[in-house]
Amino acid sequence: MQMSLPCVKQPDVITCKAAVAWGAGKPLVIEEVNLNPPQAMEIRIKVVCTSLCRSDITAWESQAIFPRIFGHEATGIVESVGQGVTEFTEGDHVLTVFIGECGKCRQCTSGKSNICEVLGLERRGVMHCDQRTRFSINGEPIYHYCAVSSFSEYTVVHSGCAVKISSVVPLEKVCLLSCGVAAGLGAAWNVADISKGSSVVIFGLGTVGLSVAQGAKLRGASQIIGVDTNPEKGENAKAFGITAFINPHDSKDPIQQVIKNLTDGGADYSFECIGDTGMVTTALQACCDGWGLTVTLGVPKVKPEVTAHYGIFLTGRTLKGSLFGGWKPKSDLPSLVDMYTKKEIQVDEYITHNLPFEDVNKAFNLMREGKCLRCVIHMAK
């Protein structure tokens, strides 16, 4: 006798509100969008909180893929799962991540990299598995950002781009660990591997730069110099570990020379957190000969090419790139969340504003004007 398989109800298309960017630099418009069900190995998430990252601003101002739903630094609750998903069930609390971890590709199994070949940084505004969008308005596609698109009441992500977290962890806080704070801490710990008693200079004191400072402080660095053109950031930066603040506008000498004078010939570690490739050269010049290491984290708006005199490298300096601080999201983020719950790392202190979803454009304006670190956007009233 032939056995009949049990009937499993498939998720439906849902309608929800999302902040849609219709053009470069244009205010976002909260629209009713259709969101398809999760496909194989995908999950659909009810977004609870999402914070605005500088890279959202950079892409919104300069990239040509529109209409688009930005946002990638988020927490939420699994609403439904696609075929083949066994790691998540409805009701699970998750962090979204803009790079995934398949666990099987050469990069994932190497132990040397977090750049997954299957679920790496998605730049074309579509989903990894089928190169299509899940959002639409009147049948027309609305493109994704980093395969997350968290400026929406609901979104669909690949199951490899989400990390399950405890239901008791505050979602309105730990959303920052899905990008900015984790990226800075990882750059200090994983990429640079800062040593005790060392000197550190950080160019750009936004959330990422201040997270580098926190990481350097926890590693026992003796000098942590912050460089920023916004004088208001100097005092606040001390709470994250900055021991000296420099505003380049206040100095007659080149900033790299000022840093060399302060560090007896150059810093042991230098971090470029602005997204200015010209500043990468300055950061290299601010390092010491022999072992000076510069790590670049910023996403440039223009001129992506880096230029530097070869003599900088002949004298032993090193330039390294960092994406998400070298963290493997599924393997490593749970330990960061655990450190947060034990109050071993600062996260709450980066949140300067809490805003309702309808004020998403206010968050963009605050960041463009340099008046915030992280704005957390609460999707539900």
Side-chain angles (χ1 to χ4, degrees), residues 54-55 57-58 61-62 180 183-184 186-188 191-195 198-217 221-234 236-238 240-323 325 370:
R54 171 62 65 175
S55 59
I57 297 277
T58 299
E61 290 179 332
S62 60
V191 181
D193 193 16
I194 289 173
S195 57
S198 58
S199 56
V200 176
V201 59
I202 303 164
F203 293 85
L205 298 180
T207 296
V208 173
L210 291 176
S211 297
V212 172
Q214 180 186 176
K217 178 183 178 181
S222 60
Q223 274 185 296
I224 308 173
I225 303 167
V227 181
D228 203 291
T229 56
N230 185 344
E232 296 180 2
K233 293 186 176 181
N236 294 334
K238 293 179 181 178
F240 299 95
I242 295 294
T243 60
F245 174 76
I246 302 172
N247 184 339
H249 295 162
D250 296 338
S251 175
K252 295 180 181 179
D253 295 326
I255 192 65
Q256 57 268 38
Q257 188 59 51
V258 175
I259 292 163
K260 284 186 175 183
N261 293 340
L262 287 173
T263 56
D264 191 25
D268 297 304
Y269 305 96
S270 179
F271 295 84
E272 190 284 316
C273 305
I274 300 171
D276 181 345
T277 50
M279 193 58 68
V280 173
T281 300
T282 301
L284 276 165
Q285 293 170 338
C287 275
C288 66
D289 289 340
W291 61 83
L293 171 64
T294 293
V295 179
T296 179
L297 296 86
V299 179
K301 295 181 183 179
V302 294
K303 192 182 177 296
E305 298 82 11
V306 174
T307 58
H309 194 282
Y310 78 101
I312 288 177
F313 303 107
L314 285 181
T315 54
R317 296 180 179 116
T318 301
L319 175 64
K320 295 183 74 172
S322 176
L323 181 66

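If you're wondering where the values come from, they're calculated on a predicted model, not measured in any experiment. Numbering of residues begins at 1 and proceeds along the displayed sequence.
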request  = Go through Val258 and Val227 one step at a time and tell me if the side chain to side chain contact (heavy atoms under 4.5 Å, CB included) criterion holds.
outcome  = CA-CA 11 Å; Val258 175; Val227 181; over 6 Å; no
task = Please test Leu262 against Ile246 for side chain to side chain contact (heavy atoms under 4.5 Å, CB included), starting from the C-alpha separation and ending with a verdict.
result = CA-CA 11 Å; Leu262 287 173; Ile246 302 172; 3.7 Å; yes
task = Before giving the answer on side chain to side chain contact (heavy atoms under 4.5 Å, CB included), spell out for Cys288 and Thr263 the whole-Å C-alpha distance, their side-chain angles and the decisive distance to 0.1 Å.
result = CA-CA 9 Å; Cys288 66; Thr263 56; over 6 Å; no
inquiry  = Before you tell me yes or no, could you show the steps for Arg317 and Asp289 under side chain to side chain contact (heavy atoms under 4.5 Å, CB included), namely the whole-Å CA-CA distance, both residues' side-chain angles and the distance that decides it to 0.1 Å?
reply    = CA-CA 6 Å; Arg317 296 180 179 116; Asp289 289 340; 3.1 Å; yes
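Residues Ala192 and Val295 share a closest heavy-atom pair of CB-CG2, 4.1 Å. Annotation for Val200 and Ala221: closest pair CG2-CB, 4.0 Å, computed over non-hydrogen atoms. Residue Ala237 comes nearest to Leu210 through the heavy atom pair CB-CD2, 3.7 Å, listed as atom of the first residue, atom of the second, then distance. The two residues Ile312 and Ala308 come nearest to each other via the heavy atoms CD1-CB, 4.4 Å. Across all non-hydrogen atoms, the minimal contact from Thr318 to Lys320 is CG2-CG, 3.9 Å. The two residues Thr277 and Val302 come nearest to each other via the heavy atoms OG1-O, 4.3 Å.
No side-chain N or O of Gln223 forms a donor-acceptor pair with one of Ser199 less than 3.5 Å apart.
For the pair Ser322 (side chain) and Thr296 (backbone), a donor-acceptor distance under 3.5 Å is absent. Asp228 places a side-chain N or O within donor-acceptor distance of the main-chain N or O of Leu205, the cut-off being under 3.5 Å. Using a distance-only test at 3.5 Å, with no hydrogens or angles considered, no donor-acceptor pair links the side chain of Ser251 to the main chain of Asn247. Under a 3.5 Å cut-off, the side chain of Thr229 and the backbone N or O of Pro248 do not form any donor-acceptor pair.
Glu61 is linked by a side-chain hydrogen bond (donor to acceptor under 3.5 Å, both in side chains) to Lys301, Arg368, counting only residues two or more places apart in sequence or in another chain.
In this structure, OG1 in Thr243 is found 6.5 Å from CD1 in Ile225, a value given to the nearest 0.5 Å. For the atom pair CD1 of Ile255 and CD of Gln285, the computed distance is 12.0 Å after rounding to the nearest 0.5 Å. Atoms CD1 and CD, on Ile242 and Gln214 in that order, are 11.5 Å from each other to the nearest 0.5 Å. Atom CG in Leu297 sits 14.5 Å away from atom CZ in Arg54 (nearest 0.5 Å). One distance of note links SG of Cys287 with NZ of Lys260; it measures 9.5 Å at 0.5 Å rounding.
With respect to Leu284, the side chain to side chain contact (heavy atoms under 4.5 Å, CB included) criterion is satisfied by exactly one of Leu293, Val306, Thr294: Thr294.
Counted within 6.0 Å of CG on Asp250, heavy atoms from surrounding residues, nucleotides or ligands total more than 12; the atom is thus considered enclosed.
Side-chain contact between Phe240 and Ile224: absent, with no pair of heavy atoms (C-beta onward) separated by less than 4.5 Å. When side chains are defined from C-beta on, Ser195 does not count as touching Asp268, because their heavy atoms never get closer than 4.5 Å. Inter-residue side-chain proximity for Phe203 and Val280 is flagged as unmet; no heavy-atom pair is nearer than 4.5 Å. In this structure, the side chains of Phe271 and Ile194 come closer than 4.5 Å at one or more pairs of heavy atoms.
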